[in-house]
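Some notes on the structure that comes next.
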Amino acid sequence: MDLQPIHSPPTTFIKKYVFSTDHKVIARQFLWAGLLFLAIGGGLGMLIRWAWGFPGEAVPVIGDLILPHSNGVIGPSTYNGIFTSHGLIMIFFAITPMMIGSFGNLCIPLAIGARDMAFPTLNMLSFWTFVIALLCVLASFFVPMGTAAAGWTTYPPLSTQIGTPGLGQTFMVLAIFFTGSATIMGGVNYVTTVMRLRAPGMTYMRMPLTIWGQWLTAILNVLFVPVLAAAAIMLIMDRHFGTEFFIAGANGPGDPILFQHLFWIFGHPEVYILILPAWGFAGDLLSYFSRKPAYWYKGQVWAMCAVTVLSAIVYGHHMFLTGMNPLLGQSFMLLTLIISVPAELLFLNWLHTMWKGSIRLTTPMIFTLGMVFVFGLGGLTGIFLGTISTDIYLHDTMFVVGHFHYTMAAAAFLATMGAIYFWFPKFYGCQMNEAIGKIHAWLSIIFITLLFGGQMVVGFSGQNRRLWNPFEYTFLEHLTELNLLTTYAAFALGISQLLFVWNFMEGVFSKRTCGNNPWEVGTLEWELSSPPPVHNFTTIPTVLRGPHEYANPEVRRTLGRDWISQTEELPSQPAGTGGADSGAAPAGGDSADGAADGDAAASDEPAAEVAGG
Amino acid sequence: MSAEAAAAHDHHHHHAPRQEDYPVDPHYGQATGGKLGMWVFLLSDALTFAGFLLGYAIARGGTKPWIPEGLPELGINFTACLTFLLICSSVTMVLAFQAATERNKQETLKYLGLTIFGGFLFLCGQYKEYFGFELLGSLVANFHADWGAWLAMGLTDEGLFFGTLGGSEYSAYGSTFYMITAFHGMHVLTGVGYLIVIFIRTYMGKYDDGNTNHIEICGLFWHFVDLVWILVFTFVYLIPE
Ligand code: HEM
Ligand SMILES: [Cu+2]
């Protein structure tokens with residue numbers, strides 16, 4: 001059954017590191033690209049905070065360098081460019097490549113027991129298309145009138161020639177188009193790989209939750225990014241070919257609200273695109289580091305599926321204030337509030353997973369706990385935004401900004417950091433420094449909570465989003481100090497990331513090694529060397545059970561440890577099952593029902609054992 | 001089950017293992033990675049069209065009158081012929097695949113060739129619809145004045161443009177028309193290129209072992225292009241003012 005090709009390792013530098021088709025190399029490429037743009041986007045974010053903390057004052061240290069024409073002072077139009085490019089970079093060019101591009105690529109083949117993606121060449125093309133997008137982003141900063149300035153949502157008429165005549169906006173829209181194409185290529189690959197290349201015995205219900213998250217994300221990507229691509233093409237036409245699809249009123253016969261529809265048809269799934277992988281990480285890591293099976297694994301899977309489906313039909317909640325038909329508004333409100341049910345269900349399952357576990361507070365675990373915490377805050381505040389009567393007040397305030405930063409920025413950021421620490425051995429063959437990692441984790445969690453909490457509170461007090469100098473308005477003057485404190489939190493967060501930079505670089509270049517399985521985890525990637533060989537699996541493994549087999553008394557009795565890998569056979573079968581020692585069909589429980597058995601083994605059997613013992 | 005099935009699958013693998021040699025999957029049977037991948041891509045592509053068509057629908061709903069004074073109407077008769085042509089090329093595609101499964105290389109090549117020809121004619125038709133064949137028209141005019149004039153005439157000659165190209169006034173009617181049909185035309189062009197590759201590979205004997213997977217996948221794409229055209233034709237041409 002060993003039929004996936006084993007290619008001989010590439011020998012030339014170009015084949016090995018540049019135009020590589022190895023999913024692990026592509027994962028590293030996406031990781032580096034994402035981290036680089038995370039730094040750029042983070043720097044832009046700190047500039048926004050500077051503008052609010054010290055309005056009208058010159059940016060210290062680098063001010064003259066980046067804003068030579070204004071002696072380092074952030075003027076209104078510069079400010080527009082900064083917050084716009086911050087949002088776009090963070091979403092499309094930092095979090096997406098890291099969480100999906102990098103971890104999707106690294107984890108999917110390794111954890112389902114495949115030798116590579118289904119379409120390795122397409123995978124490579126996806127990365128290099130993404131690089132074209134990155135070049136467009138960078139170019140946008142160096143053209144007259146600067147980068148895009150119409151907000152990350154790119155609403156017309158601001159995003160047409162009327163609002164942003166510079167070439168920078170065009171470059172950014174092109175970047176969105178290219179990265180969208182890259183995402184679709186990746187999505188096709190991920191969806192197919194999960195469907196087609198799971199090792200024997202790796203039923204859907206035995207996949208790690210990480211893979212579920214990546215798979216559902218890929219499905220959403222494949223379905224909804226094309227809608228954004230269509231909108232981007234139409235916008236470019238409006239900007240440069242004289243069409244007026246989105247230009248209304250005295251300026252044209254088009255309809256700007258049409259763009260909002262297209263954008264949010266994509267945009268709401270997009271926010272789940274960015275959280276589903278994080279949910280997947282959390283479901284797995286909480287189990288791994290609580291040394292307990294993930295609580296109600298199937299419930300978590302179905303909850304994630306439910307969110308995926310629902311996310312496609314709630315987008316109208318971003319447009320409550322566009323004057324939509326109240327009946328339609330109410331429907332979107334109902335659907336939106338329904339989506340918090342599966343979200344809540346996941347949350348409760350995470351808590352239950354940890355309940356009475358033997359928690360190991362490793363760096364990945366601390367980050368995951370942080371993610372659970374901030375996601376809780378963000379999810380709860382979503383309910384106020386999803387309710388029309390409160391959203392009328394909160395819409396377009398910093399409260400929305402706080403909400404989506406808790407859910408999308410903070411949760412995704414913390415989850416991704418946790419994932420980097422966790423899978424680092426599979427990237428670079430060793431563990432990062434745990435002591436520094438823990439300090440990094442705690443500082444990140446504390447400052448990120450303060451930062452976005454501060455935004456939320458000022459928003460609740462009425463501060464609108466996207467104001468260059470909020471304190472020009474007398475009713476916001478009293479928020480000056482709170483904004484200043486938030487700015488300090490932002491800078492503290494930024495500075496604490498230096499710990500990560502050092503830790504990461506040290507790990508990349510160190511000669512340290514770690515065993516195959518430093519975290520004592522049972523999924524397939526941890527049976528391979530760190531980092532794994534080019535072809536991953538010399539023989540494709542046969543999977544016997546789910547991914548979270550911890551604290552099983554039978555395993556402890558026979559193997560003397562609290563975990564067992566997904567492929568390991570127990571040395572002696574528990575009494576009563578009969579001599580199931582048949583070499584012919586080790587994967588007897590290969591069917592979908594087998595998964596149910598696996599599940600039961602994880603939760604029921606130990607209890608029975610304990611009772612029996 | 002999968003162990004045996006995969007073992008059964010084992011015997012007809014030669015040289016380097018290929019995509020279609022992956023173990024049989026209990027959920028997807030024999031569907032190869034390539035085929036699943038194409039389906040996923042087509043779903044994605046369908047949503048791109050959906051985005052454009054939604055834009056068209058909203059633009060059309062909000063513009064009265066839809067066809068501004070002085071602009072030509074779309075020629076339904078001619079395009080109906082093109083539609084029929086595309087449907088025929090779908091039929092020949094099916095026949096090509098059928099012949100391939102019967103390992104009849106001659107027939108496969110014949111029907112693939114016909115499919116390519118159909119796609120090519122469609123592209124010519126679209127070119128004529130946009131721009132007209134002036135040279136050909138003037139030649140034909142020597143024999144039949146009306147036909148020659150008709151051949152030489154395209155929608156751009158009658159003043160229908162995309163955006164403000166050609167110095168025209170913007171009309172949502174013209175712009176959505178060109179955007180959607182040109183986007184589809186790019187698909188036909190891609191499809192013809194794809195078919196030519198498959199034709200050459202068939203000719204070179206790449207599928208002589210009876211493995212028709214690539215032909216089938218190419219067929220999926222071609223049928224999709226055909227299906228989408230029927231929707232485009234319905235929405236863009238047929239719905240009356
Ligand atoms: C748990 C249930 C959630 C509910 C009920 C909810 C509801 C909402 C609503 C109604 C808005 C629109 C507010 C406005 O503009 O006035 C909004 C904005 C937003 N939400 Fe959520 N949300 C939830 C979870 C999430 C998650 C998980 C993410 C991301 C991972 C997210 C990301 C965003 C973003 C990015 C925006 C605003 C984008 C913008 O206008 O720039 N939300 N949310
Ligand atoms: Cu939303």
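Sequence lines set the chain letters: A, B, ... in the order given, protein chains first and strands last, and positions in each chain run from 1.
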Quiz prompt | Side chain proximity check, B:F52 to A:I233, heavy atoms < 4.5 angstrom | solution = yes
Quiz item: Which heavy-atom pair separates B:S44 from A:I184 by the least distance, and what is that distance?
Solution: OG-CG2, 3.4 Å
Self-check item: Structural part of B:T176 lying under 4.5 Å from a heavy atom of chain A
Solution: both
Quiz item: Any side-chain heavy atom of B:Y170 within less than 4.5 Å of one from A:F245?
Solution: yes
Exercise. Determine the minimum heavy-atom distance between A:R196 and B:L36, stating which atoms define it.
Key: CD-CD1, 3.7 Å
Quiz prompt | Minimal non-hydrogen separation, B:L54 against A:I265, with atom names | solution = CD2-CD1, 3.8 Å
Quiz item: Hey, mind stepping through B:L43 and A:L223 against side-chain contact (heavy atoms from CB on, under 4.5 Å) and telling me if it holds?
Solution: CA-CA 7 Å; B:L43 267 179; A:L223 292 180; 4.3 Å; yes
Quiz item: Looking at CZ of A:F241 and CG of B:L165, how far apart are the two atoms once the value is rounded to the nearest 0.5 Å?
Solution: 7.5 Å
Self-check item: OG1 on A:T192 to CE on B:M38, rounded to 0.5 Å
Solution: 10.5 Å
Quiz item: Just wondering, more than 12 heavy atoms not from B:F120 lying within 6.0 Å of its CZ?
Solution: no
Exercise. Check whether A:V191 gets within reach of chain B through its side chain, its backbone, both or neither, counting any heavy atom under 4.5 Å.
Key: side chain
Quiz item: Between CZ of B:F41 and CG of A:L122, what distance do you get to the nearest 0.5 Å?
Solution: 10.0 Å
Quiz item: Can you tell me if CZ on B:F78 sees more than 12 non-hydrogen neighbours from other groups inside 6.0 Å?
Solution: yes
Quiz item: Can you tell which of A:V188, A:N189, A:N221, A:V222 has the highest number of heavy-atom pairs within less than 4.5 Å of chain B?
Solution: A:V222
Quiz item: Of the backbone (N, CA, C, O) and the side chain (C-beta and beyond), which part of B:F162 lies under 4.5 Å from a heavy atom of chain A, both, or neither?
Solution: both
Quiz prompt | Flag if over 12 foreign heavy atoms under 6.0 Å of OH, B:Y207 | solution = yes
Quiz item: Hey, what do you get for CE (B:M179) to CE (A:M237), rounding to the nearest 0.5 Å?
Solution: 8.0 Å
Quiz item: Counting only heavy atoms not in B:E158, do more than 12 sit closer than 6.0 Å to its CD atom?
Solution: yes
Quiz item: More than 12 heavy atoms of other residues, nucleotides or ligands under 6.0 Å from CH2 of B:W39: is that the case?
Solution: no
Practice problem: Pick whichever of A:A229, A:P226, A:A114 has the most heavy-atom pairs under 4.5 Å with chain B. | Solution: A:P226
Self-check item: A:T243 side chain vs B:G163 backbone, donor-acceptor pair below 3.5 Å
Solution: no
